[in-house]
Enquirer: 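Structure provided below as structure tokens; questions to follow.
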Amino acid sequence: MPASDVPTTHPRYLSLITRERIVAGVQRGVTSLHGLIAHGRGEAFDYLLGERTHPFAQRAIAAAAAALRAARHPVISVNGNACAMAAGDLVRLAKATGARLEVNIFHTSPEREQAIRAMLLEAGADRVLMPSRTHAISHIDHNRKWVHPEGILMADVVCVPLEDGDRCEALVKNGKQVITIDLNPLSRTARTAQITIVDNLTRCLPRLADLAEFSTPGSGTALSDWDNQAVLSEAETAMRTPRSPS
Ligand code: ATP
Ligand code: MG
């Protein structure tokens, strides 16, 4: 956690602390500069949501916990923003679900991959898989196609917070069940994943980890009965509904 002089009473405390974490992520080589821009886009959508976890997100969190618990080979894909914001909760979710953690970033950089791995290990991860240069998923051309043979390559369920649409589509075409966390209900990622949690990563990940820790396997909506489109429509409606400014 970066040192901060933002008082906890500040009305935008959580948002400001999260920005500090992302900036600290850039400083320690975990997050790319482009990640700052992606975070800003997320913040804009969160503002429209009233910066709260809505019932449609709570339903998706429960569905995601159930899908991860039911998976044979769940994997959590970690990029620089997710790691900087929530390394501890990513590790907790992995432990609660038996999922493997695998580093996967858009802008090629072995140094940054190693920095993400180091931060996850520091946060308590037992093992962090790195993308190989020998195994790749199909339907994608750039760096993000490379995967670990015991991780994403063999995964049946992949959780990809803050994902890029191309890779999300490729994962689905490779037969994976994809869970994403994305504040933008209009993004290709949100529309392509089977389960989309439209919520801020920093709010929903602790809840997801709690649910995965305490729920019994087999509880929650089966993926075959899950209506992701309904979640996206409700999220869009919530964003378009006027409310008093916070
Ligand atoms: P797509 O290719 O899926 O259409 P994109 O190119 O619009 O996505 P990217 O820049 O690749 O988006 O990824 C950033 C995404 O992550 C954005 O949709 C943004 O809303 C979302 N995002 C950023 N910060 C957060 C956060 N803290 N919690 C959840 N989502 C976030
Ligand atoms: Mg994109």
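Counting starts at 1 for both ligands and their atoms, in listed order.
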Enquirer: Against heavy atoms of G165, which atoms of ligand 1 measure under 4.0 Å?
Expert: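 Result: 1 (P), 2 (O), 3 (O).
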Enquirer: Test R92 against D89 for salt bridge (Lys or Arg N to Asp or Glu O under 4.0 Å), laying out the working first.
Expert: CA-CA 5 Å; R92 198 154 71 82; D89 285 320; 3.6 Å; yes
Enquirer: Taking only heavy atoms of G42 into account, list the atoms of ligand 1 that are under 4.0 Å away from them.
Expert: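 Counting atoms of ligand 1 from 1, those under 4.0 Å from G42 are 19 (C), 20 (O), 22 (N), 23 (C), 24 (N).
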Enquirer: Does any N or O atom in D166 lie less than 3.5 angstrom from one in ligand 1, N or O only?
Expert: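 No, since none of the N or O atoms of D166 sits under 3.5 Å from an N or O of ligand 1.
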Enquirer: Do ligand 1 and L162 have nitrogen or oxygen atoms that lie under 3.5 Å from each other?
Expert: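 No.
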Enquirer: With rounding to the nearest 0.5 Å, note down the distance linking CG in L90 to NZ in K95.
Expert: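 Answer for the CG-NZ pair, L90 versus K95, is 12.5 Å.
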Enquirer: Taking side-chain contact (heavy atoms from CB on, under 4.5 Å) as the test, write out the residues that go with V6, two or more places apart.
Expert: S4, H10, Y13, L16, E20
Enquirer: Which atoms of ligand 1 are found less than 4.0 Å from any heavy atom of T189?
Expert: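 Heavy-atom distances to T189 below 4.0 Å select 1 (P), 3 (O).
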Enquirer: Under 4.0 Å between a side-chain nitrogen and a carboxylate oxygen: does that hold for R191 and E169?
Expert: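 No.
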Enquirer: Which is closest to atom 21 (C) of ligand 1 in terms of heavy atoms, T18, D164, T180, D182?
Expert: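 When every heavy atom of T18, D164, T180, D182 is considered, D182 comes closest to atom 21 (C) of ligand 1.
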Enquirer: Sub-3.5 Å donor-acceptor pair from the side chain of D199 to the main-chain atoms of L183, do we have one?
Expert: no
Enquirer: Output all residues satisfying side-chain hydrogen bond (donor to acceptor under 3.5 Å, both in side chains) with Q58, sequence neighbours left out; order by chain, then residue number.
Expert: none
Enquirer: Using a strict cut-off of 4.0 Å, indicate which atoms of ligand 1 neighbour a heavy atom of N184.
Expert: 18 (O), 20 (O)
Enquirer: Once you round to the nearest 0.5 Å, how far does CZ of R19 lie from CE of M85?
Expert: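 With rounding to 0.5 Å, CZ (R19) is 12.5 Å from CE (M85).
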Enquirer: Record the part of M85 in heavy-atom contact with ligand 1 below 4.0 Å; permitted values are side chain, backbone, both and neither.
Expert: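 The answer is the side chain of M85.
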Enquirer: Between the candidates R203, R188, R41, which shows the shortest non-hydrogen contact distance to atom 5 (P) of ligand 1?
Expert: R41
Enquirer: Under 4.0 Å from a heavy atom of D199: give me the atoms of ligand 1 that qualify, with their elements.
Expert: 28 (N), 29 (C)
Enquirer: Got an N/O contact under 3.5 Å between L183 and ligand 1?
Expert: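 There is such a contact, yes.
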Enquirer: Are any side-chain N or O atoms of R207 and backbone N or O atoms of T53, one a donor and one an acceptor, separated by less than 3.5 Å?
Expert: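 Judged by distance alone, no pair lies under 3.5 Å.
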